2 protein chains.
Amino acid sequence: MNLDAKPDKTAYHHGNLIEALLEVAVSLIEEKGVEQLSVRELAKRANVSPGAPFRHFKNKTALLTAVAEQAMARLTIAIQNEIKNEGIEDPIETFHSLGRAYLNWALNNPTHFQIISSRNLIDFNSSKQLVEQNENIRIIMIRLINKAKEQGILNKKLDPNDLIFAARAFVYGVARMWVDRHFNEWNIKDDAQIAMQKALNLFISSIRN
Amino acid sequence: MNLDAKPDKTAYHHGNLIEALLEVAVSLIEEKGVEQLSVRELAKRANVSPGAPFRHFKNKTALLTAVAEQAMARLTIAIQNEIKNEGIEDPIETFHSLGRAYLNWALNNPTHFQIISSRNLIDFNSSKQLVEQNENIRIIMIRLINKAKEQGILNKKLDPNDLIFAARAFVYGVARMWVDRHFNEWNIKDDAQIAMQKALNLFISSIRN
DNA sequence: CCTATAATGTAATCACTGTTTACATTTATG
DNA sequence: CATAAATGTAAACAGTGATTACATTATAGG
């Protein structure tokens with residue numbers, strides 16, 4: 001991807017700085033971890049002065065929040081693509097697919113996942129986009145579980161609200177163990193993706209009637 | 001607790017700096033978040049010059065690792081106290097108690113939990129103590145699940161290894177949702193502790209035969 | 001087309017950070 | 001009791017997020 005738009009124009013105005021900063025931020029975080037990200041190095045890599053990013057983001061948190069918004073949008077798309085392909089017959093299968101999409105995305109985008117999960121690096125609640133998309137995912141889960149209950153295929157001992165929270169906590173835990181690099185410490189012998197899917201299967205199979 | 005040991009002696013040597021630093025670190029993190037912790041402010045609060053902490057910790061990471069070691073020791077004690085009180089009859093009940101102790105500890109010590117979970121702030125693998133105590137907890141889980149299997153009270157469809165990983169991911173997810181402040185966003189109506197226990201009950205009840 | 005103005009860049013500066021170094025003081029040891 | 005080890009200080013370094021005054025470019029209206 002070309003980070004320097006309009007490269008033939010004079011160099012004073014970058015022309016595409018916002019997007020360039022967001023991209024450079026992600027690759028820089030992937031290199032050195034989010035704790036080591038500095039706006040100044042970001043600016044240097046975008047061939048721009050140290051103060052320039054602050055024309056577009058009021059501070060570092062705002063910049064990372066913008067990265068999070070991009071990331072959350074991509075996660076939402078990944079999820080929607082996955083559950084659209086599923087038939088509408090078995091809501092628990094669709095619920096399973098939702099979890100699979102979430103975990104696969106976290107597996108393949110650990111940096112992005114870390115950023116959308118953190119509440120110290122970004123300003124989650126001030127971003128309408130983040131709040132809404134998070135809520136959308138929750139609503140999808142509620143709808144699927146309610147449908148499963150209506151169809152009588154949900155384990156009758158389970159309260160839907162409790163189940164949805166547990167399911168969220170479960171996939172969040174698996175994903176965070178991955179991005180937090182706890183897999184080694186936990187003596188996981190399987191390939192990471194397989195370990196994730198096995199765990200998910202275990203959880204899903206326990207909610208069916 | 002008295003952070004200034006031997007207060008009547010001359011002030012040049014603190015006398016108890018290491019422990020004082022660890023305590024001040026925790027309270028400072030609780031105030032401002034771990035991202036905002038600075039060694040210099042730490043030193044200031046301990047009435048010591050900015051360079052003094054580096055006589056005892058080779059860098060900031062080492063200092064936080066020491067905090068993590070203290071924290072992990074306390075978590076281990078909390079867990080052992082809880083499962084000792086349990087009878088030896090029902091290993092799944094003991095497994096449940098283990099999870100309860102873990103979650104209660106995370107609930108009441110979110111700062112400490114965050115520190116022992118992070119792999120960017122501390123140097124987990126270089127600490128024999130951290131690695132060993134983490135492993136100890138895992139071994140307890142394995143022992144309990146194996147015992148449950150022998151007694152025939154474990155759901156026969158479950159592979160013990162997969163179950164242990166899933167259980168860990170589950171409690172880790174619940175705890176991290178708490179320390180990462182995702183409870184609000186997830187529309188949890190219950191008191192946090194109750195929500196955690198309900199979720200744990202749900203998980204545990206699904207593993208029994 | 002030309003000019004006023006908004007947008008977007010720079011350079012210099014600020015207070016703060018982690019860390020190191022040379023030196024000072026206290027404690028412990030032989 | 002002298003000397004070495006431990007533990008403190010002060011000063012300095014490069015790097016940080018952020019702000020300010022100023023420079024340059026893009027743009028919109030007459």
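By convention in this document, chain letters (A, B, ...) are assigned in the order of the sequence lines, proteins followed by strands, and residues within each chain are numbered from 1. Note that the coordinates shown come from a computational prediction; the quantities given were computed from them, not determined experimentally. These values consider heavy atoms only, across backbone and side chains, with no hydrogens, waters or symmetry-generated copies.
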- What is the distance from atom CZ of Phe95(A) to atom CD1 of Ile140(A), rounded to the nearest 0.5 Å? 11.0 Å
- Task: For atom NZ of Lys60(A), decide whether the heavy atoms of other residues, nucleotides or ligands shown that lie under 6.0 angstrom number more than 12.
- Result: yes
- Task: Whole angstrom is fine here: how far is it from CD in Glu35(A) over to P in dG17(D)?
- Result: 13 Å
- Rounded off to whole Å, could you give me the CG-to-P distance for the Leu17(B) and dT25(C) pair? 19 Å
- Evaluate the criterion side chain to side chain donor-acceptor pair (under 3.5 Å) for residue pair Arg168(B) and Tyr172(B); output intermediate values, then yes/no. CA-CA 6 Å; Arg168(B) 171 61 168 206; Tyr172(B) 188 64; over 6 Å; no
- Item | Salt bridge present between Glu41(A) and Lys44(A) (N-O < 4.0 angstrom) | no
- Rounded distance (Å) that lies between atom P of dT7(D) and atom CG of Leu21(B): 12 Å
- Note on the structure: Rounded to whole Å, the CZ-C1' distance (Phe57(A) to dA18(D)) equals 15 Å
- Under 3.5 Å, is there a donor-acceptor pair linking the side chains of Gln197(B) and Asn104(B)? yes
- Could you tell me whether Lys198(A) and Asp159(B) have a side-chain N and a carboxylate O separated by less than 4.0 Å? no
- Message: Using a 4.0 Å heavy-atom cut-off to protein, can you give one letter per nucleotide of nucleotides 11-16 of chain D, 5' to 3': B if the base is in contact, S if only the sugar-phosphate is, - if neither?
- Response: -B---B
- CZ/Phe170(B) to CG/Leu200(B) distance, rounded to the nearest 0.5 angstrom? 6.0 Å
- Item | Side chains of Leu21(A) and Leu42(A) in contact at under 4.5 Å (non-hydrogen atoms) | yes
- Write down the distance between CZ (Arg55(A)) and P (dT25(D)), rounded to a whole number of angstrom. 16 Å
- N or O in side chain of His56(B) less than 4.0 angstrom from dA6(D) OP1/OP2: no
- Query: Rounded to the nearest Å, what distance is computed from the CZ atom of residue Phe54(B) to the P atom of nucleotide dT19(C)?
  - Reply: 4 Å
- Task: Determine, using ring centers only, whether Tyr102(B) and Phe113(B) are less than 6.0 Å apart.
- Result: yes
- Message: Measuring from the side chain of Val48(B) (C-beta onward, heavy atoms only), which nucleotide among dG9(C), dT9(D), dT20(C) has the closest atom?
- Response: dT9(D)
- Query: Through what angle, rounded to 10 degrees, does the axis of the helix from dC1(C)-dG30(D) to dG30(C)-dC1(D) turn between its ends, using five pairs per end?
  - Reply: 10°
